[in-house]
2 protein chains.
Amino acid sequence: MPATDRISQSLTRHGLRQTTVRRAVLQVLAESPYALSGGEIEQQLPPNTDRITLYRTLKSFEDSGLIHRVIDTTDVVRYAACSIECSADAHFDNHVHFKCTNCLHIYCLNQVTIPAVTLPAKFEAVTRDYLLGGVCRECQPA
Amino acid sequence: MPATDRISQSLTRHGLRQTTVRRAVLQVLAESPYALSGGEIEQQLPPNTDRITLYRTLKSFEDSGLIHRVIDTTDVVRYAACSIECSADAHFDNHVHFKCTNCLHIYCLNQVTIPAVTLPAKFEAVTRDYLLGGVCRECQPA
DNA sequence: TGTGAAACGCAATTTAGTTGCATTTAAAAA
DNA sequence: TTTTTAAATGCAACTAAATTGCGTTTCACA
C-alpha cells in the first residue's frame, strides 16, 4: 500500500476529514525519525502553508491520538507520530525517548518500555514519560 | 540556622555572589513545594523586580547546580531547587517528577529514584528524566 | 449536487524569553 | 577602610512561538 494511502487511512480511522494540510503534516511526522517542533514541521511543508492552520492541525492530531507530545526541558514543544494503536481515548506510547546532546534530536525508542515505579501513598499515576540524554547512534565517535 | 543564612550559604557554596535578587529567587524556589515557571517566580518576587535579571539569575543557578529544569510537555520551562549535593559539574537529581492533572503542579518526588532501562546498542545515556501524570495527594477525592 | 459543519487563512495579539549596553555593586586586594 | 574590577543589574528594544477572532472555503454525507 502506498504511503499516501496509509496517511489517508490514518485520518479516516481517527475520524478526521481529509485536507491537503493534514495529509502533508501527517506525512512529515510519519517520515521523520525524530520528534519535530512546530517550526520544524512548517519548514518541511510546502511554502506558504498557513502557520495557524498548522498549529490547529497539530492540536486536532494530538486530541485524536495520531501524534503525541514529546517531553523536553526546553520551551519548544515537539511532536512525534503515535504508534498505530493509539486513539483519542487512550494513548499507548509507553516507550522511552532519547535526546542526543550532540545533534539535539529526540528519538522514540519504540522497543524500550518505560519501567514502572512505586509511588508514595495517595499518588496515582496514569501517564508516564521517560527521557534519556546522551549520544545517539549516529553521533557516536567511530 | 535561619532560612536566610541557608540561602546565603548555598550561594557561597556554589561560587555565586550575594545579591538581593538572587537571595529572593532562591528563597522562592526553595520554599515552593512544586516547580515554578519564570512567570510564576516573578509573581512571588518583590514588585518591580527586573524580568531580565530574573532569567539571567535562573540561568546562572542552573549552570552552577542550584536548581534544575523540570521536564514537561508544555512550552513553558519550570524550575525546582536541587538537592543539596548538586554542583556545577554534576547534578544528582535522580528523582521522579509528578504532574497533577488537576492542579497542574509538578512535584519532585525526592524519595523515588528513576529506574534504569536497557538501551539498544550504541545508545549511551548520561541523564534521565521521568515524569508521571496523575492525581496528586492534595487533589485526591475524599 | 446541494448543504451544513468543519477546516482554512488572514490580521492582529499575547506570552516567554533574549540581546546589547551603560550603570551599579559585591567582594577581594591594597 | 578604601580602592579596584569583574560581575550583576536594569533599561530599551527585539525575537520567536503560539493564540484568538472572524469571514471564507471545502469536505463529506445525504
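Note on naming: letters A, B, ... go to the chains in the order of the sequence lines (proteins, then strands), and numbering restarts at 1 for each one.
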Legend entry - Candidate pair B/Q44 and B/L36, rule side chain to side chain contact (heavy atoms under 4.5 Å, CB included), full reasoning: CA-CA 10 Å; B/Q44 297 196 38; B/L36 299 173; 3.9 Å; yes

Inset, instruction - List the steps and the verdict of side chain to side chain contact (heavy atoms under 4.5 Å, CB included) for B/H97 and B/H68. - result: CA-CA 12 Å; B/H97 290 118; B/H68 62 273; 3.3 Å; yes

Inset, instruction - Go through the steps to decide whether B/I67 and B/E62 satisfy the test side chain to side chain contact (heavy atoms under 4.5 Å, CB included), and finish with yes or no. - result: CA-CA 5 Å; B/I67 63 174; B/E62 199 188 351; 4.3 Å; yes

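By the 4.5 Å heavy-atom criterion applied to side chains, B/L45 and B/V25 are counted as neighbours. Side-chain contact between B/F61 and B/L16 is present, with heavy atoms from C-beta onward closer than 4.5 Å. Looking only at side-chain heavy atoms (C-beta outward), A/L58 and A/L29 come within less than 4.5 Å of each other. The shortest side-chain heavy-atom distance between A/D50 and A/Y55 does not fall under the 4.5 Å cut-off. Using a 4.5 Å heavy-atom threshold, the side chains of B/V117 and A/I114 count as separate.
At least one donor-acceptor pair under 3.5 Å links the side chain of A/S10 to the backbone N or O of A/R6. In this structure, B/T57 contributes its side chain and B/T53 its backbone to a donor-acceptor pair below 3.5 Å. Proximity of a side-chain donor or acceptor of A/Y130 to a complementary backbone N or O of B/P115 within less than 3.5 Å is detected. B/Q18 places a side-chain N or O within donor-acceptor distance of the main-chain N or O of B/S8, the cut-off being under 3.5 Å.
Follow the hydrophobic side-chain contacts under 4.5 Å out from B/Y34 and you never reach B/V70; the two are in separate clusters.
Within the 4.0 angstrom heavy-atom criterion, no nucleotide atom of any strand lies near B/S60.
If you measure from atom CZ of B/R51 to atom P of C/dT14, you get 14 Å, rounded to the nearest angstrom. Atom CG in B/D50 sits roughly 13 Å away from atom P in C/dT18 (whole-Å rounding). To the nearest angstrom, P of C/dA7 lies 14 Å from CG of A/L58.
Residue B/Y55 has its side chain nearest to C/dG17 when only C/dG9, C/dG17, C/dC8 are considered.
Residues of residues 71-78 of chain A having a heavy atom closer than 4.0 Å to DNA chain C, listed by number: A/D75. Contacts between residues 27-46 of chain B and DNA chain C, counted as heavy-atom distances below 4.0 Å, involve no residue at all.
One distance of note links CG of A/L104 with OG1 of A/T101; it measures 8.0 Å at 0.5 Å rounding.
Each of B/N48 and B/G15 was matched to the nucleotide of DNA chain D holding its nearest heavy atom; the match closer to the 5' end belongs to B/G15.
Here the closest non-hydrogen pair linking A/P120 and B/Q111 is CG-NE2, 3.8 Å.
For the helix from C/dT1-D/dA30 to C/dA30-D/dT1, the angle separating the two terminal helix axes comes to 40°, with each axis derived from five pairs and the value rounded to 10°.
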Contacts under 3.5 angstrom, residues 131-142 of chain A side chains, donor-acceptor by atom type, not counting sequence neighbours:
| from | atom 1 | to | atom 2 | distance (Å) |
| --- | --- | --- | --- | --- |
| A/Q140 | NE2 | A/V135 | O | 3.0 |
| A/Q140 | NE2 | B/K122 | O | 2.9 |

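With a heavy-atom cut-off of 4.0 Å to chain B, the contacted part of DNA chain D has its first and last nucleotide at D/dA6 to D/dA18.
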Inset, instruction - Using a 4.0 Å cut-off on protein heavy atoms (strictly under), produce a 5'-to-3' string for nucleotides 20-27 of chain C with B for base contact, S for backbone-only sugar-phosphate contact, and - for none. - result: B----BBS

